[in-house]
Amino acid sequence: MGVAAIPFIYYLLAIYSSWKYFGQPEMAPDPGFTPPVSILKPFRGLDPDAYENLASFCRQDYPEYEMIFCVDPDDDTVLPVVETLQHDFPKCEIRVLYGSGRIASNDKVAKLARMAAEARYETVVISDSDVRVEPDYLRAMTAPLRDERIGAVTCFYVHTDLKTFADRLQTIGMMSDFYAGVLVAWQLDGIKFALGPSIATTRARLAGFGGYAAIENSPGDDLLVGRLIAEQGYEVRLLRYAVTTVSDYASMSDLLHKRMRWIVVMRHMRPWGHFGLLLTQGLPWSLAAVALHPTAAVAIGYLGTYFALRMAMTWLIGVRGLRRPGLWVEMILIPVWDAVAFSIWLVSFLRTSIRWRGADYYIREGQLVAKEESSQ
């Protein structure tokens with residue numbers, strides 16, 4: 001039964017890491033450091049609330065920046081939104097590139113390779129198309145780059161406009177599970193990865209590992225960018241700052257599909273870390289302890305401790321740290337998320353492929369290989 005308590009040690013470490021991280025003083029941006037910025041945004045179709053998401057980047061309190069969009073040549077959904085932006089924000093420099101001009105498994109990364117190559121400025125900010133930001137976003141993201149020891153900057157992201165049960169479950173999973181792992185990693189070894197919705201770096205740092213062209217056939221480009229920059233000896237800085245993403249999990253099927261894709265990628269990119277997730281799963285271990293010794297004392301001791309620690313983790317990260325006061329309402333979903341996450345983790349060992357943007361891929365030696373290619 002002692003083994004069943006191992007996840008509690010992880011939970012305590014997550015609580016300590018979260019308390020320490022969010023207890024740090026916030027670094028105010030230096031008004032004298034505002035390098036010109038190229039914002040890179042790859043597109044594949046149109047996200048919900050696309051105009052408002054993109055317009056938030058046009059409202060930046062920042063002296064000089066450009067926005068580069070890369071869209072598919074045959075995508076006629078994005079251009080009307082871009083034209084409206086250009087009309088509404090005539091002082092905002094917006095460029096549109098059509099297609100990556102490359103043949104790669106990861107079309108998003110191929111588009112980033114082209115945008116980075118054609119960016120006007122040395123400092124680049126990579127941001128997903130479903131992200132919405134405040135006017136101080138660019139100042140916050142670029143401020144740490146004044147220190148030459150910092151190679152990349154990334155930040156948290158929170159979902160907004162939660163409409164479905166899947167949206168709420170995903171949100172509680174982010175706050176109670178994913179970010180807990182991020183902060184434990186920060187405490188133990190520093191941040192050696194980046195979070196995809198928002199990354200700031202320089203073209204020189206990207207060139208240090210060969211740029212996006214070097215990883216255009218790889219999954220998990222955000223994790224790789226952070227890792228490859230860190231391997232050059234630079235620090236990856238995680239900001240106490242959060243951007244907003246518009247939640248679009250219309251159904252549980254959407255959530256399960258995206259979570260499965262993510263965790264299968266992690267199994268290939270970090271196999272030992274993926275297997276080690278077993279020791280962070282407090283719910284199944286606690287249920288196993290109760291099944292072996294079905295007494296009230298064991299049930300209260302294990303399940304009560306499990307839920308109390310999980311609540312504390314979520315409060316520290318979501319409420320105290322990321323200032324999401326309404327999260328209290330969702331905390332009842334923590335055991336539901338943990339049960340779903342554990343089930344997906346188990347199934348991930350049986351999956352040999354992932355479905356991404358309507359196509360099926362194998363992951364072989366860290367590379368995406370289309371099923372059609374592998375059968376030829």
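Remember, it's a predicted structure, so these values are computed and weren't measured experimentally.
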Do [X] and [Y] have side chains that get closer than 4.5 Å, going by heavy atoms?
X      : Y      : result
Phe69  : Leu54  : yes
Thr201 : Val153 : no
Leu138 : Phe57  : no
Tyr249 : Leu162 : no
Asp222 : Leu195 : no
Leu368 : Asn217 : no
Phe165 : Ser251 : no
Arg259 : Leu256 : no

Problem set entry | Check against side-chain hydrogen bond (donor to acceptor under 3.5 Å, both in side chains), Thr245 and His159 | CA-CA 5 Å; Thr245 60; His159 295 298; 2.8 Å; yes
Examine the side chains of [X] and [Y] and answer whether a donor and an acceptor come within less than 3.5 Å of each other.
X      : Y      : result
Tyr241 : Asp136 : yes
Lys41  : Ser127 : yes
Arg310 : Ser176 : yes
Ser218 : Gln367 : yes

Problem set entry | Stepwise side chain to side chain contact (heavy atoms under 4.5 Å, CB included) test for Arg149 and Tyr234 | CA-CA 5 Å; Arg149 295 171 298 180; Tyr234 297 106; 5.8 Å; no
What about [X] and [Y], same hydrophobic cluster or not, with Ile/Leu/Val/Met/Phe/Trp/Tyr joined at side-chain heavy-atom distances under 4.5 Å?
X      : Y      : value
Ile344 : Met252 : yes
Trp285 : Ile300 : no
Met174 : Val329 : no
Tyr362 : Leu350 : no
Ile191 : Tyr16  : no

Exercise. Passes side-chain hydrogen bond (donor to acceptor under 3.5 Å, both in side chains), Asp128 versus Tyr157? Steps please.
Worked result: CA-CA 11 Å; Asp128 286 347; Tyr157 55 100; over 6 Å; no
For this session: Could you tell me if the ring centre of Tyr121 sits under 6.0 Å from that of Tyr65?
Result: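 Aromatic pair excluded; centres sit 6.0 Å or further apart.
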Exercise. If you look at every heavy atom in Met313 and Ile15, which pair is closest and at what distance?
Worked result: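 In this case the closest contact between Met313 and Ile15 is CG-CG1, 3.5 Å.
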Problem set entry | Heavy-atom closest contact (Pro42 atom, Lys108 atom, distance) |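 It is CG-CG, 3.8 Å.
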Any chance you could measure [X], atom [atom1], to [Y], atom [atom2], to the nearest 0.5 Å?
X      : Y      : atom1 : atom2 : value
Glu330 : Leu327 : CD    : CG    : 6.5 Å
Leu97  : Phe43  : CG    : CZ    : 11.5 Å
Ile334 : Met175 : CD1   : CE    : 12.0 Å
Met331 : Met311 : CE    : CE    : 5.5 Å
Thr123 : Ile39  : OG1   : CD1   : 11.5 Å
Gln187 : Ser17  : CD    : OG    : 4.5 Å

For this session: Keeping the roles fixed (side chain from Arg320, backbone from Thr314), state whether a donor-acceptor pair exists under 3.5 Å.
Result: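 Checked: no pair found.
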For this session: Please step through side-chain hydrogen bond (donor to acceptor under 3.5 Å, both in side chains) for the pair Tyr51 and Asp88, ending with a clear verdict.
Result: CA-CA 11 Å; Tyr51 175 84; Asp88 293 348; 2.5 Å; yes
For this session: In plain terms, say whether Asp72 and Lys111 are close enough for a salt bridge, that is, a side-chain N and a carboxylate O under 4.0 Å apart.
Result: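 Yes, this pair counts.
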Should the pair [X] and [Y] be assigned to parallel (<30°), tilted (30 to 60°) or perpendicular (>60°) ring geometry?
X      : Y      : value
Phe349 : Phe275 : perpendicular
Tyr21  : Phe156 : perpendicular
Trp262 : Phe178 : perpendicular

May I ask you to check whether over 12 heavy atoms, not counting those of [X], lie within 6.0 Å of atom [atom1]?
X      : atom1 : answer
Glu235 : CD    : yes
Ile103 : CD1   : no
Arg323 : CZ    : no

Exercise. Can you list the steps and then say if Thr305 with Tyr11 is a side-chain hydrogen bond (donor to acceptor under 3.5 Å, both in side chains)?
Worked result: CA-CA 10 Å; Thr305 301; Tyr11 292 163; over 6 Å; no
Exercise. Given the rule in the side chain to side chain contact (heavy atoms under 4.5 Å, CB included) test, do Tyr179 and Leu322 qualify, once you have shown the distances and angles that lead to the verdict?
Worked result: CA-CA 11 Å; Tyr179 286 154; Leu322 298 178; 3.8 Å; yes
Problem set entry | Trp328 vs Trp315, side chain to side chain contact (heavy atoms under 4.5 Å, CB included): CA-CA, chis, key distance, verdict | CA-CA 8 Å; Trp328 282 109; Trp315 179 85; 2.9 Å; yes
Exercise. Can you list the steps and then say if Phe89 with Arg59 is a side chain to side chain contact (heavy atoms under 4.5 Å, CB included)?
Worked result: CA-CA 8 Å; Phe89 301 94; Arg59 301 187 182 105; 3.9 Å; yes
For this session: With salt bridge (Lys or Arg N to Asp or Glu O under 4.0 Å) as the test, would you mind laying out the steps for Asp254 and Lys258 before giving the verdict?
Result: CA-CA 6 Å; Asp254 287 344; Lys258 291 181 180 180; over 6 Å; no
Exercise. Hey, mind stepping through Arg132 and Glu52 against salt bridge (Lys or Arg N to Asp or Glu O under 4.0 Å) and telling me if it holds?
Worked result: CA-CA 7 Å; Arg132 189 176 302 176; Glu52 282 304 319; 5.5 Å; no
